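To start, the structure under review is shown below, and the notes come after it.
Positions are given from 1, in the same order as the sequence printed here. Since we're looking at a predicted model, the values are computed, not measured.
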Amino acid sequence: MNTVENISSLNVYRSSAGSGKTYTLVNIYLKLLFSSTSDYAFKSILAITFTNKAADEMKQRVISTLEMISNGKKGDVKTYLSNELSIKPSLVQLRAKSILSKIIHNYSDVSILTIDRFTHKIIKSFSKELGLSFQYDIELEEKDFLEECIVQLLDYVGSDKVLTKYLNEMVDESVRKSENFNIERQLNLFKDLLFKSDREDRINALDKLNIKEFSELRKAVLQSINESINVVKEIANEGRQLIHESGLPEKAFSRKRCNQVFNVFIDDDFVEYKFLEKLEKWIDDGKWFNKAYLSDSSAVLFEPKFLKKALHISNELGSYFKFLEIDKHFTAFSLVFLLIERIEKSKIDKGVILISDFNQLIGEIIKNEPAGFIYERLGSRYSHVLIDEFQDTSSKQWSNLLPLVHESLSTGGTNLLVGDAKQAIYRWRDGDVTQFVNLPEIDSSQKEFSSLISQYYKEHKLENNWRSSKSIVQFNNNLFSEISTKFNHSSISEIYKDVEQNVVNKDVGKVEVSVIEKDLFELKDYISNRINLTIDQGFSYKDINVLVRVKKEGALVAEVFNELDIPFVSDDSVFLGSSSDYKFLFHFIQFIENENQYS
């Protein structure tokens, strides 16, 4: 057998849906297995995915492909490995059997896992250095954990005189303004700040003030709101005087705009934000007078003066709404640090770490320890790193993985990043698609790794669509091309440019886009017509899939299917409560019980 010399590489595959990404990923994984003289090469390969389902699917693909090759099947992969590695097909088959046997007997050493599981593995290896109990648990339900901590914090209010006084002031102010004061709901709004992987950076950017200081700061905010109101009132009064001086009748002004602008805050000290949006639009279009008065000498003379006052009011209302928004969340914001202390105490008391703690904790390890030492503690040394769905990687995760990729490149390893920027869906978990778009450039804070990344960077594109019919591929090609040119945003243009796919599937297929006025849309008629048309074209019910945006819409579609007597399966339909037979029996028994009770 020829031993293939390891050559450092960072292969980046930009792959659209249906392009055979998983197939390519598995083939490269197998190539790494067969290129080693050892049948235990799987121990030195780290393959990272984002979901358990994807990790399980890749493991299954690797094992089933090895099994098929060892049984003389899967000729395309056998040929690929034979050509790539200059190995006889018969030898590929023998090696597949041997490697498969080693994997089955050492399954726990196969490192195809989610990024969270890999991070947890490192944290567990360094639990002592991180000050964690060896028996710690992972808290996955962060929302429930936060709500529990909020309740604990509010229970603490009565025992702290300063905090109690401060919150009483907030309640009194809300009552005076006839506002709904719900501190629990407001604190819940900060979950994104408290449970993001970069929360330490965000929180450290804030000044840690005590409750007394926050109380003084809020008084200053309220004072600023009142000052803005008084300034607007003063300008509005000056505007009304200008209208009087102009001598122009009310009918001279287009849609009574000037009267609306200069009567702001005249009845009370509140105005809705949509008034500011309307005012800015009026300033832009400049239509202050009706056509009959456009040439009137007074209109010509006073229009610049009216515009100047309107601009002044617009600017001052901008400050008013800014301070109003600050005040809206001020109470919750002032309690953030107390809530953080409560969260940390609860974590210690319960012996848990949050799933969002992972990247911060591992960051501390990787920042202070060389990759070699980390591998030593893990009990594994990875020569090759493969990362799937890279477009969903957060900046913190990539920062933590970079040293491992760098270590692999420096020792002749093969590294693989696979992704599709168009399919980025993990922004809610800090996924940063621009990292993928900007490769081989990396963040300036990681400049010590940039040299090797740029040196060994190789970009590939999977251009064939093996999954979709001709119409769908062509529709997507046209749509993405339009998006790349029509949107005046560099990131969007970059994501959607040069993503055209080649058609492989010879089925023609069909794409139809219907834009229907909401008032004219009748769901039952639409579904009935579309389903019947599809069935008439030779398809069966099992060929049809209905996608909706939210669960509520799915329930409406299910109701229509029931009314039309169309067989279907959905998440809700498998529940017992969705069965009409069950409902009948339940209500029949309930009726009998009630009859016996009152007879």
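Side chain of Gln397 to main chain of Ser394: a donor-acceptor pair is present (N/O by atom type, distance under 3.5 Å, no hydrogens or angles). Under the 3.5 Å distance criterion, the side-chain polar atoms of Asn502 are left unmatched by any main-chain donor or acceptor of Asn465. Of the possible donor and acceptor atoms, one in the side chain of Gln391 sits under 3.5 Å from a partner among the backbone N and O of Asp420. Ser471 places a side-chain N or O within 3.5 Å of a backbone atom of Val508 that can act as its donor or acceptor partner. Remark: side-chain polar atoms of Ser528 are not paired, donor with acceptor, to backbone N or O of Lys524 under 3.5 angstrom.
Lys506 and Val503 get closest at one heavy-atom pair: NZ-O, 4.4 Å. When all heavy atoms of Ser16 and Gln423 are compared, the pair lying nearest together is C-NE2, 4.1 Å.
With 3.5 Å as the limit, one finds a donor-acceptor pair spanning the side chains of Ser540 and Asp543. A donor-acceptor pair shorter than 3.5 Å cannot be found between the side chains of Thr114 and Asp116. Using modelled atom types, one finds a donor on one side chain and an acceptor on the other under 3.5 Å when comparing Tyr382 with Ser111.
Looking at Lys278 and Glu272, no side-chain N of the basic residue comes within less than 4.0 Å of a carboxylate O on the acidic one, giving no salt bridge. Salt bridge annotation for Lys345-Glu341: absent, with no cationic side-chain nitrogen under 4.0 angstrom from a carboxylate oxygen. Remark: Asp137 does not engage Lys350 in a salt bridge, criterion side-chain N to carboxylate O under 4.0 Å. Under 4.0 Å is where a charged nitrogen must lie from a carboxylate oxygen, and between Arg342 and Glu344 no such pair does. Salt-bridge formation is detected for the pair Glu389/Lys21: a Lys NZ or Arg NE/NH1/NH2 atom is positioned less than 4.0 Å from an Asp or Glu carboxylate oxygen.
Cation-pi geometry between Lys102 and Phe42 is not met: the NZ or CZ atom fails to fall both under 6.0 Å from the ring centre and inside 45° of the normal. For the pair Arg14 and Phe436, the distance from NZ or CZ to the six-membered ring centre is under 6.0 Å and the angle to the ring normal is within 45 degrees.
A ring-centre distance under 6.0 Å is not found for Tyr541 and Phe568. In this structure, Tyr23 has its ring center no closer than 6.0 Å to that of Trp466.
Rounding to the nearest 0.5 Å gives a distance of 12.0 Å between CZ of Phe475 and OG of Ser468.
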